[in-house]
Structures are given as C-alpha cells and as structure tokens.
Novice: 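Okay, handing you the structure first.
Every number for a ligand or one of its atoms is a count from 1 in the order of the listing. This chain uses plain numbering: 1 for the first residue, then up along the sequence. FYI, side chains are in, hydrogens and waters are out, and symmetry mates aren't considered; it's all heavy atoms of this structure.
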Amino acid sequence: MSPTPKPGILEITPYVGGRGDVPGLNRVFKLSSNESALGPSPRAIAAFNESAGGIDVYPEGGATLLRETIAQTYGLDPSRIVCGNGSDEILHLLAAVYLQPGDEVLFSEHAFLVYRIVALASSAVPIAVPEPNLRVDVDRMLAAVTKKTRIVYLANPNNPTGSYLPHDEVRRLHAGLSRDTLLVIDAAYAEYVRRNDYETGIEMVATFPNVVMTRTFSKIYALAGLRVGWGYCPAAVADALNRVRGPFNVSVPAQRTAVAALKDRAHVEASFAHNEKWRDWLTQNIRKTGLRVDDSVANFVLIHFPAGGPHSVAAADAFLTARGIILRPVAAYGLPDCLRLTVGPEEANRLAVSALSEFMART
Ligand SMILES: Cc1ncc(COP(=O)(O)O)c(C=O)c1O
C-alpha cells in the first residue's frame, strides 16, 4: 500500500503558466501572463533592494504595516484584510476552510482555472456553469445552485474573457445564495476598470457576512514574481483564514515592496493610462486584420481565430512565437480557437499587430 491522495486530487490538471521563452531566440516579448506593461514602481524596486538587509529574520506574521497601507489606500478596515502568497493562496485558503467532501463549488465556464483546482483539492465537486457570449450568466448560475453549493467563485473582470459583471448583476447573484454559501469576488484586475456600473466588491463585503473579495499585487502593481495578494473578508472569515494560513506566509521583501508599490499612486495612474490607451489600440487594430476581438476591461484581450485552415489558432501561435511574440493559448479554459494577448509595452504591441496583419494576409 502506498499513501493515497484525498479524493479529487488526482483529477486535478496541474496549472500551466504562460511561456516566457522561445528556444533559439534571444529577445522575446512575453504577452502571455497578464503581467504589467510598465513594470513595478521604482520606489517598489528600491524597497525590494533594501529589504535584502532584513531577510535573516522571520517576517512580521500579521503583515500589519501592509494591511494598514492597503486599508488606507482603499478605505478599508485593516482587521478584515488577510494577506497571502499571491491571491491564489487566499482562493486556496477559502476552499480549505469552508469546503467539505462532496460540497459543490460553482464558477462560470470560462473562469480562472484555479477555482476548479482548489475545489478538487478539498474533495469538493467543481461545477462549471455555461457562459453564453463569454459573459457570466447570472440566471444560469442561480439555476445551478443546490443545497450543496458552498462557494461561488466569480472573477470580475474575468480572465481570459476580459468581460465583467455589472454590480447590479453581482448583487442579484448574491441575493440568490443562501447565507451559508460564500460568494468570492476575485477582483484581480479591478484597478484597470473604471466604469459606472462596476464595483470591486468592497461594499458587499462590508454589508454581507458571506462575501469575500480577493485582490492581487501581480497585475497593476507589477509584483507577480514576488507573490502578494489579499482578501477583504467579513470578520468571522478573516478569523478562520488566520487560523489556517502559514504563520509567515508573506515574506519580508514581499511585505516591504508591496507597501512601497501602494504608495506610488502616480505609477499606478501611469499604468492605468498606458493600459487604457494600448488595450483600445490593440482591439481596434487587431479587428482591422479581420479577426474577432472581444471587448475587454482588463489588461488583456481575447482574440478568436477561424477553426482550421491557414489562419487557425495553432498556425497563429506558431507564426507569432517564431517572431518572439508569445501569447497565451487558452484551450484549457474551454476556448480552443483563441489566444489571449496581454497589453505590453508600445514596441511589443506594435510588433504583435504587425505580425498578426502579416499572418492574416497569408493565404
Ligand atoms: C482572475 C485571476 N485571479 C487571480 C489570479 C492570481 O493572482 P496572484 O498572482 O495574486 O496569485 C489571476 C492571475 O492570473 C487571475 O487572472
């Protein structure tokens, strides 16, 4: 007899991140992982370098300064913030704390892949709800709710579709859940969205005992390699997560660098403005090549390729990769004919569009 993983574990397909290099090419443009186009704030880099002097000592386990700085930045109660090793860790912790074997976890068909993984890791049953038109359908989500539903994960905006659910729809979804079902609003891309009908989830967390919002430093703050995220939780949820999380789950460099990144609002603003400008430019110019591109509110766009033939997704991926432009195939998200393109620096965006134009002009 050998040790046996819990039910569900061996059903997990390991997460595969975006490629970052191409054999034989010295210079590549990695537009495959929704990282920031402008990189981190110089103040964050300086704080990271200075933190080298502190890595012989355990981090402050409560990440107090970081939580207080997040709270000041976003107008929150610091005692309800739980920091993690990326927001992925918060998504995992929520599943570990609230799921029993056989419980059901709902998410939409093309949602972030980690939701399925965390459900299976807790021996729960992942349920992907159809998403016509690549938008979360609240009626279908509510129709899939059963007495066993314990967590609903909602990425808002969603990766990889780039679409978002307006706040009245999020509230309608919440209104259809029982009070012992947790609604987790994953707002990893929230800083990129400025729409009148969009809310991050802060208000709902403040109002309801069964709503959690997760956020990350990996996107607009450009600290993906450092691994820092956080959840804003009802007090009882924060208490439960704090019992389970690793006592030193956010490293010294991560805490200090994230604090500095939060304080550089001018850099965040510049990253937002760059993203607005180039996401729209990419969308319009890729559409001019004849390809379908969905409207996106995040820092990436989803490009649809014709199934088969000379302009298939596989041909496009090979064509772009050979030129050092790395996009993300998203077949694992149920989108086998799409590539996801992260908004990059100007040079990368221009190269991506000219390569796609050349590719589409081929017969
Ligand atoms: C919707 C969504 N949630 C969460 C994450 C994970 O972020 P983190 O780097 O904080 O773990 C990502 C990263 O791609 C994402 O797209």
Novice: For residues Arg323 and Glu358, determine if any side-chain heavy atom of one lies less than 4.5 Å from a side-chain heavy atom of the other.
Specialist: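 Touching, per the 4.5 Å side-chain cut-off.
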
Novice: How far apart are the closest heavy atoms of Trp281 and Arg350, and which atoms are they?
Specialist: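 Shortest heavy-atom contact: CZ2-NH1, 3.6 Å.
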
Novice: So which atom in Cys233 and which in Val212 form the shortest heavy-atom distance, rounded to 0.1 Å?
Specialist: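 Cys233 and Val212 have their closest heavy atoms at SG-CG1, 4.2 Å.
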
Novice: On the ring face of Tyr74, is Arg215 found with NZ or CZ under 6.0 Å from the centre and within 45° of the axis?
Specialist: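 Because its charged atom sits under 6.0 Å from the ring centre and within 45° of the axis, Arg215 does stack over Tyr74.
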
Novice: Taking any residue with a non-hydrogen atom under 4.0 angstrom from an atom of ligand 1, which ones do you get?
Specialist: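 Contacts of ligand 1 under 4.0 Å: Gly86, Ser87, Asp88, Phe112, Asn159, Asp186, Ala188, Tyr189, Thr216, Ser218, Lys219, Arg227.
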
Novice: Checking Asn34 against Tyr189: is there a side-chain donor and acceptor pair closer than 3.5 Å?
Specialist: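 Judged by distance alone, the side chains do pair up.
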
Novice: Does a donor on one side chain sit under 3.5 Å from an acceptor on the other, for Ser178 and Thr181?
Specialist: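 Per modelled atom types, Ser178 and Thr181 side chains form a pair under 3.5 Å.
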
